Amino acid sequence: MNAGTDNAAVLDLSKYPAAQELVDRCSQFFQEVEDLTPGKDLEARLNKDYGPGNPYYEDFCRLVRQGLEEGWVAETELAGRTYRRGKITLPTARSRYFSITTVYMESEAEFSGQYHAHPYGEINCVVQLDPKAELQGMSGWQGAGWTSPGPGTHHYPRVRGGALVALFFLPAGRISYKATPDMPQPIAI
């Protein structure tokens, strides 16, 4: 794994109608959440109002699974086939200036990915591929649903219990691989 970098290529949406559909659906979702700040309050709201059963959540899961089958979700290997990333789109007017990225992680035991920081926060839609798979967010472990680390937070993305895809949205596409675990978390945590 090449620590400290994000070498995934940006997807050519013109090759994949379902990827274009995902960007369109995400853009509709962003219209509803673009003025909300990532963090614990947004995480609770997303899990309450946009969790499993919500049309956005269900569409995101359907399209991510289709993308895995078609090969456009998380196509760049970071540490073999069990830890991959793919950039669906960079921030654009169409995406309300959020980037859209997919990360595939698979491990029964706890597995840690690349340490990183969220300068403006992050919104993660957790798409379970295995029913016991969980992603660790700043508030703990999350199965089907959402995590939303606040601005300035940093962590190892962690998975356990099987395979999942983190469909994540970054305001202005901001992510940093310069953070280290010994750095203090923001007071807002």
Side-chain angles (χ1 to χ4, degrees), residues 1 5-8 10-11 19 22-23 25-26 29-30 33 38-40 42-43 46-47 50-52 54 56-69 71-91 95 98-150 153-171 173-177 179:
M1 175 173 41
T5 64
D6 182 1
N7 59 356
V10 178
L11 188 66
L22 176 64
V23 172
R25 195 65 173 134
C26 288
F29 172 73
F30 297 150
V33 302
K40 287 181 181 182
L42 181 57
E43 181 172 304
L46 292 172
N47 279 305
Y50 293 93
N54 175 277
Y56 286 119
Y57 181 82
E58 296 303 328
D59 284 348
F60 295 160
C61 290
R62 173 183 59 82
L63 290 164
V64 163
R65 287 183 182 109
Q66 182 176 344
L68 280 171
E69 291 174 15
W72 54 266
V73 163
E75 74 282 2
T76 302
E77 292 185 7
L78 300 174
R81 298 294 303 155
T82 59
Y83 183 39
R84 310 186 309 258
R85 180 182 300 126
K87 294 179 188 174
I88 305 301
T89 187
L90 298 176
S95 70
F98 283 87
S99 63
I100 303 171
T101 303
T102 53
V103 173
Y104 175 92
M105 298 177 81
E106 179 181 356
S107 182
E108 284 300 320
E110 191 174 306
F111 171 80
S112 298
Q114 289 178 311
Y115 202 86
H116 66 276
H118 323 100
Y120 298 156
E122 180 178 62
I123 300 171
N124 293 299
C125 178
V126 181
V127 179
Q128 289 178 308
L129 304 173
D130 293 320
K132 293 182 180 180
E134 295 178 300
L135 181 71
Q136 186 179 34
M138 301 306 293
S139 300
W141 291 96
Q142 176 69 50
W146 299 86
T147 69
S148 185
T153 58
H154 46 92
H155 70 134
Y156 286 105
R158 290 189 169 108
V159 67
R160 69 181 182 192
L164 58 77
V165 171
L167 170 63
F168 71 90
F169 314 127
L170 296 168
R174 289 292 311 275
I175 191 167
S176 172
Y177 295 98

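Computed over heavy atoms, backbone and side chain alike; hydrogens, waters and symmetry mates excluded. Values in this document were obtained by computation on a predicted structure and should not be read as measured data.
- Proximity of a side-chain donor or acceptor of Y83 to a complementary backbone N or O of Q114 within less than 3.5 Å is detected.
- In this structure a side-chain-to-backbone donor-acceptor pair under 3.5 Å is missing from Q66 to L68.
- Take E75 and apply the side chain to side chain contact (heavy atoms under 4.5 Å, CB included) test, not counting sequence neighbours, and it matches no residue.
- Here I100 contributes atom CD1 and C125 contributes atom SG; the two are 11.5 Å apart, rounded to the nearest 0.5 Å.
- Distance check, rounded to the nearest 0.5 Å: CG of N124 to OG1 of T101 gives 10.0 Å.
- Salt bridge R81/E77: present, at least one basic N to carboxylate O contact under 4.0 Å.
- Separation of the W146 and F29 ring centroids falls under the 6.0 Å cut-off.
- Expressed to the nearest 0.5 Å, how far SG of C61 lies from CG of N54 amounts to 10.5 Å.
- One side chain, R158 or S112, offers a donor N or O that lies under 3.5 Å from an acceptor on the other.
- At distances below 3.5 Å, not a single donor-acceptor pair connects side-chain atoms of Y50 with backbone N or O atoms of Y57.
- Side-chain contact between P157 and H116 is present, with at least one heavy-atom pair separated by less than 4.5 Å.
- For the pair L164 and L135, the tightest heavy-atom approach, listed with the atom from each and the gap, is CD2-N, 3.6 Å.
- Aromatic ring pairs are classed by plane angle as parallel below 30°, tilted from 30° to 60° and perpendicular above 60°; the pair Y115 and Y156 is perpendicular.
- Separation of atoms NZ (K87) and OG1 (T102) is listed at 11.5 Å; rounding is to 0.5 Å.
- Considering only heavy atoms from C-beta on, M138 stays 4.5 Å or farther from K40 through its side chain.
- Between atom SG of residue C26 and atom CG of residue L167 there is a gap of 5.0 Å, rounded to the nearest 0.5 Å.
- When atom types are taken as modelled, the side chain of S148 and the backbone of E122 share a donor-acceptor pair closer than 3.5 angstrom.
- Residues S139 and E43 have side chains in contact (heavy-atom distance under 4.5 Å, counting atoms from C-beta outward).
- The residue from E110, E108, Q136, E134 that alone fulfils the side-chain hydrogen bond (donor to acceptor under 3.5 Å, both in side chains) condition with R160 is E134.
- Using a 4.5 Å heavy-atom threshold, the side chains of F168 and T147 count as separate.
- Side-chain contact check for L22 versus V73: every heavy-atom pair is 4.5 Å or farther apart.
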